[in-house]
Visitor: 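My structure is below; once you've seen it, I'll send some questions.
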2 protein chains.
Amino acid sequence: MTFASKIFETRVIKMADREETILAGGRHLFPILPKAFDGIRQIGVIGWSSQGPAQAQNLRESLDGSGIRVKVGLREGSASMKQAAALGFTKESKTLGEMYDVIRESEMSLLLISDAALAENYRTVFAAFRPGTTLGLSHGFLLSHLRAQGEDFPKDINVIAVCPKGMGPSVRRLYEQGRAVNGAGINASFAVHQDVDGKAIDYALGWSVALGSPYTFETTLESEYKSDIFGERGVLLGAVHGIAESLYARFVGQGMAEDEAFINTAESITGPISKLISRSGLKAVYEQLNENEKAMFRAAYNASYGPCREILEEIYDDVASGNEVRSVIQATRRHSAYPMGKIDDTEMWVVGERARANTQRNYAPINPETAGVYLACMMAQVDVLKDRGHPYSEIANESIIEAVDSLNPYMSYKGASYMIDNCSTTARLGARKWASRFDYILKQQAFPSIDKGIASDSAPFDDFMSNDIHDVLTVCAELRPSLDISVVPR
Amino acid sequence: MTFASKIFETRVIKMADREETILAGGRHLFPILPKAFDGIRQIGVIGWSSQGPAQAQNLRESLDGSGIRVKVGLREGSASMKQAAALGFTKESKTLGEMYDVIRESEMSLLLISDAALAENYRTVFAAFRPGTTLGLSHGFLLSHLRAQGEDFPKDINVIAVCPKGMGPSVRRLYEQGRAVNGAGINASFAVHQDVDGKAIDYALGWSVALGSPYTFETTLESEYKSDIFGERGVLLGAVHGIAESLYARFVGQGMAEDEAFINTAESITGPISKLISRSGLKAVYEQLNENEKAMFRAAYNASYGPCREILEEIYDDVASGNEVRSVIQATRRHSAYPMGKIDDTEMWVVGERARANTQRNYAPINPETAGVYLACMMAQVDVLKDRGHPYSEIANESIIEAVDSLNPYMSYKGASYMIDNCSTTARLGARKWASRFDYILKQQAFPSIDKGIASDSAPFDDFMSNDIHDVLTVCAELRPSLDISVVPR
């Protein structure tokens with residue numbers, strides 16, 4: 001993937017056998033944001049779910065003093081208006097308004113309302129964009145929905161996307177850390193879907209820099225929605241939840257105390273495993289185990305890779321065929337009668353709440369079996385995306401970096417539902433749907449082969465050790481500062 | 001639903017507030033089958049998966065001496081040719097041949113090959129039908145697939161369906177019992193989708209009578225595939241599997257011994273609960289409990305109805321929108337790399353195998369909590385189908401009779417995989433997909449509300465007691481003899 005900016009200095013980086021053009025971010029670029037946003041006097045931030053509050057605040061702070069106004073647009077009477085006002089977006093200061101008015105007034109509007117609301121109202125939304133203005137998305141869901149309807153975007157506007165590889169609260173939290181550590185933030189992809197005035201690339205890059213993205217890589221709306229909807233159903237949310245539940249049940253069934261089982265599964269993943277991957281890459285997890293533990297890791301890895309990959313292939317096909325997006329739309333139509341239920345009343349999360357409250361508890365170890373299962377699933381996701389032709393930056397961010405730097409710290413802080421239910425409705429539904437599939441296939445296939453000692457095929461682990469992704473992660477790591485990813489410092 | 005036969009004497013039965021025309025079957029009708037099959041000299045039975053062996057044998061036996069030949073058609077070189085020959089379908093006796101040849105020779109051909117094979121080859125299959133002949137299906141899957149492709153059946157042939165409400169082995173087993181008890185068999189629905197010669201209704205009815213159906217009711221191909229694909233993902237296969245796994249884990253977690261937990265979950269459902277429903281209806285299960293047990297049943301029922309219904313509504317929407325059929329086609333394309341895996345290596349089924357081998361084991365009780373969860377799911381399925389406009393006969397057969405008379409006896413005999421993996425690929429995939437969803441939602445929502453004692457809403461149980469389905473089951477029961485449904489008599 002390659003692209004050219006008129007404003008920013010891009011870089012070509014070598015990732016394994018491929019080259020990608022990227023933009024490295026940082027606060028030193030904020031002074032040139034007005035040039036990138038040439039012709040834009042007001043940016044509308046439409047919606048207040050996961051991404052809205054984060055992006056509105058980051059943009060306002062990055063554009064402070066530039067003369068470009070950031071204005072939040074919400075449904076009139078929306079309960080979120082109060083929350084926006086509490087953060088300083090008010091009608092009095094002309095930084096809060098009715099959403100369609102805000103779109104009509106703005107030269108660029110970012111549509112961060114829920115996927116379901118966008119699916120219901122896109123015709124009215126499109127009609128509010130003046131010709132020559134810019135429509136921004138933070139993921140590609142709408143394209144998938146439009147295609148299913150046989151429709152398209154209006155032809156006389158720019159259509160761009162900047163897609164942070166982390167949920168809204170992380171986009172805000174790491175941006176704040178960036179005040180002290182220049183370049184801290186959540187990586188983002190960008191896509192230019194329509195460019196009517198030749199400025200779309202720099203609008204997108206400016207937006208991404210203003211969000212605090214340490215680095216920005218190019219993708220397409222189609223590649224983005226496939227990898228995004230796929231990834232959150234996989235190891236980012238659905239799979240990590242199912243893996244934790246299934247391993248917890250396994251360890252308790254083997255006689256481990258409940259608190260210990262929690263610490264050796266959920267906490268092991270979200271604590272030491274995630275932090276080590278973030279700092280030192282995937283192989284570091286294996287390499288710091290002793291010989292005995294290494295053998296356990298390999299057995300778990302080899303037994304789990306195939307079953308996890310089977311479910312991941314199914315997810316990818318269901319996303320690519322539009323099944324998942326259709327299911328999301330159908331589910332939201334049922335929500336008045338069947339609202340989304342709780343997922344953390346199971347034994348493991350009740351135990352987890354107790355464990356988290358116990359400040360005297362043991363520090364979570366890297367459990368070798370947990371690590372083997374988790375990394376096998378993560379690598380299966382990497383390999384599916386690679387086979388389906390996604391760029392390395394997208395693969396690394398959608399499968400690894402978003403997990404360890406953005407999402408898992410939230411699960412560590414307050415459990416699975418805190419991580420999952422702070423994401424979009426599309427993500428919340430998908431995580432609920434697929435977590436159980438990973439749980440079942442691990443219990444039905446992976447764990448029995450570990451126990452029978454028949455996981456003799458060593459190919460998955462051998463492929464892991466020689467996988468290109470390790471180089472890719474090294475390059476990615478050089479593009480952002482190393483920092484403490486904990487939501488709440490211990 | 002009403003229809004008119006020129007050959008058979010139909011009946012109008014009253015089911016709650018509605019009337020349905022049906023045909024009561026029995027061996028006394030076999031002598032008039034040649035009249036029903038007027039113009040048909042040979043019936044081709046194409047395929048040898050779940051339904052093929054059963055239907056070929058039943059038809060041959062019912063038409064013995066009629067001069068109508070029943071000929072099995074298979075792919076040349078298929079391994080099934082040997083199995084067919086072992087049952088007397090041989091090339092020498094002109095009752096076995098290459099499938100396309102058999103279709104070309106026959107006046108009526110029943111397409112009982114796998115859904116995936118039909119989806120791949122339907123154009124070639126259609127081309128083999130001579131104008132004026134009759135195409136028979138045993139469920140509506142193909143219509144759903146044709147619609148998704150924007151295609152249709154050839155216009156110059158009859159298209160009919162006879163859909164036994166049980167898997168192939170049951171269709172054969174109960175037919176054999178019918179030699180001693182006239183009218184024993186598996187109920188069936190029929191649909192006439194195209195009638196080019198005015199004979200299609202009686203062809204379908206003759207086919208159903210020859211299979212041994214105690215009673216035959218009318219439906220449409222669309223109503224059939226929706227209820228069929230939905231039902232097997234629900235309480236018939238997917239839900240009963242997930243319910244058993246989740247309750248087993250719950251009881252073991254509460255300290256029950258493994259064998260006892262198996263007996264109180266899977267065996268309780270497939271043994272005494274199924275037999276009692278088959279003999280005496282749904283309320284009988286509740287009524288034979290003592291007061292203490294009744295309270296446990298009600299708590300479990302009220303806590304489980306909503307969560308089960310939520311998943312069932314999702315399944316229905318995914319079936320109706322074509323998502324499920326698309327997923328099945330996608331899955332079969334992945335099967336060369338990712339064949340369907342085992343489902344009975346989990347602890348519960350390993351314990352179950354041991355328990356079944358122990359002839360000294362305790363006889364399974366009706367566990368009140370298991371009964372409450374299971375009946376809540378069954379009734380949620382009944383209510384979804386009723387709300388979506390299915391006829392009562394279809395509802396009763398797809399939700400209750402098929403479960404207790406056809407499928408559960410197989411799970412009782414050799415476990416979940418023996419029941420599920422003797423069904424069609426579409427069913428096997430769907431059961432694997434949805435079992436885990438029921439398991440998770442019960443653990444996340446139903447069990448916590450039972451334990452917290454907060455399942456105070458008594459509406460689900462009250463609706464159960466006054467539900468029309470009890471009348472419907474009474475009418476259905478009068479239409480068939482009462483017999484021992486065990487796969488292997490104890």
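Remember, predicted model here, so these are calculated numbers, not experimental data. Here is the naming used below: chain letters follow the sequence lines, and residue numbers restart at 1 for every chain.
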Visitor: What residue in B:Pro307, B:Ala337, B:Ala435 has the most heavy-atom pairs under 4.5 Å with chain A?
Guide: B:Ala435
Visitor: To check you understand the geometry: which heavy-atom pair defines the closest contact between A:Gln444 and B:Thr346, and what is its length?
Guide: CG-CG2, 3.6 Å
Visitor: For the CD1 atom of A:Ile311 and the OH atom of B:Tyr338, what is their distance to the nearest 0.5 Å?
Guide: 11.5 Å
Visitor: Against chain A, label B:Arg334 side chain, backbone, both or neither, depending on which of its atoms sit under 4.5 Å from a heavy atom there.
Guide: side chain
Visitor: What I'd like to find out is whether the side chain of A:Glu314 reaches to under 4.5 Å of the side chain of B:Gln330, using heavy atoms alone.
Guide: no
Visitor: Would you say the side chain of A:Tyr440 lies within less than 4.5 Å of the side chain of B:Arg432, judging by non-hydrogen atoms?
Guide: no
Visitor: For a quick test of reading the model, state the closest non-hydrogen atom pair linking B:Arg437 to A:Ser436 and the distance between them.
Guide: CD-OG, 3.4 Å
Visitor: As a quick check of understanding, evaluate salt bridge (charged side-chain N to carboxylate O under 4.0 Å, His left out) for B:Asp345 and A:Lys452, giving each step before the final call.
Guide: CA-CA 11 Å; B:Asp345 270 345; A:Lys452 292 175 188 167; 3.2 Å; yes
Visitor: Go through A:Gln445, A:Arg326, A:Lys342 and name the one with the most non-hydrogen pairs under 4.5 angstrom from chain B.
Guide: A:Arg326
Visitor: Does a donor on one side chain and an acceptor on the other come within less than 3.5 Å for B:Ser327 and A:Asn323?
Guide: yes
Visitor: Counting only heavy atoms not in A:Glu151 (residues, nucleotides, ligands), do more than 12 fall under 6.0 Å from its CD?
Guide: yes
Visitor: For the CD atom of A:Glu245 and the NZ atom of B:Lys443, what is their distance to the nearest 0.5 Å?
Guide: 7.5 Å
